[in-house]
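Take a look at the structure below.
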Amino acid sequence: MNYGSLISGSFGYTKDALWGEWGRGPILVVLALVQMFTLFLVLLLNSYVVRVLASWRPAPDADDWSRLFVGGWKWNSHSMRANIK
């Protein structure tokens with residue numbers, strides 16, 4: 001197995017994919033930014049839903065963004081662990 005030809009082939013494939021079709025690069029960048037933005041929104045939303053389902057009285061405020069973010073990661077890790085079993 002010739003690793004040099006594999007690596008040069010992979011660089012050639014990437015160059016052709018990004019620069020061969022000039023419209024793909026900006027589209028991929030925009031899609032990556034949208035994905036990052038929605039990932040953070042999902043974490044915040046999941047944490048807020050957990051607070052609502054825990055019957056916080058009065059209704060919880062969405063003002064402590066760092067706690068919401070950490071709570072979202074906790075919720076996702078627990079739900080992934082539950083789905084694996």
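One is the number of the first residue; the rest follow in order along the sequence.
Scanning all heavy atoms of the two residues, the minimum distance from S47 to G72 falls at CB-N, 3.4 Å. The minimum heavy-atom distance linking V50 with W75 is given by the pair CG2-CE3, 3.4 Å. Of all heavy-atom pairs spanning Y48 and L68, the tightest one is N-CD2, 3.9 Å. For S8 against S5, the heavy-atom pair with the smallest separation is OG-O, 3.1 Å.
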Only pairs under 3.5 Å count here: list side-chain donor-acceptor contacts from residues 29-40, not counting sequence neighbours, and write none if there are none.
from : atom 1 : to  : atom 2 : distance (Å)
T38  : OG1    : V34 : O      : 3.1
T38  : OG1    : Q35 : O      : 3.1

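By the side chain to side chain contact (heavy atoms under 4.5 Å, CB included) test, V42 is found to be paired with N46, residues two or more places apart in sequence or in another chain being considered.
In the hydrophobic clustering of this structure, F69 groups with V52; members are Ile, Leu, Val, Met, Phe, Trp, Tyr whose side-chain heavy atoms approach within less than 4.5 Å, directly or through other members.
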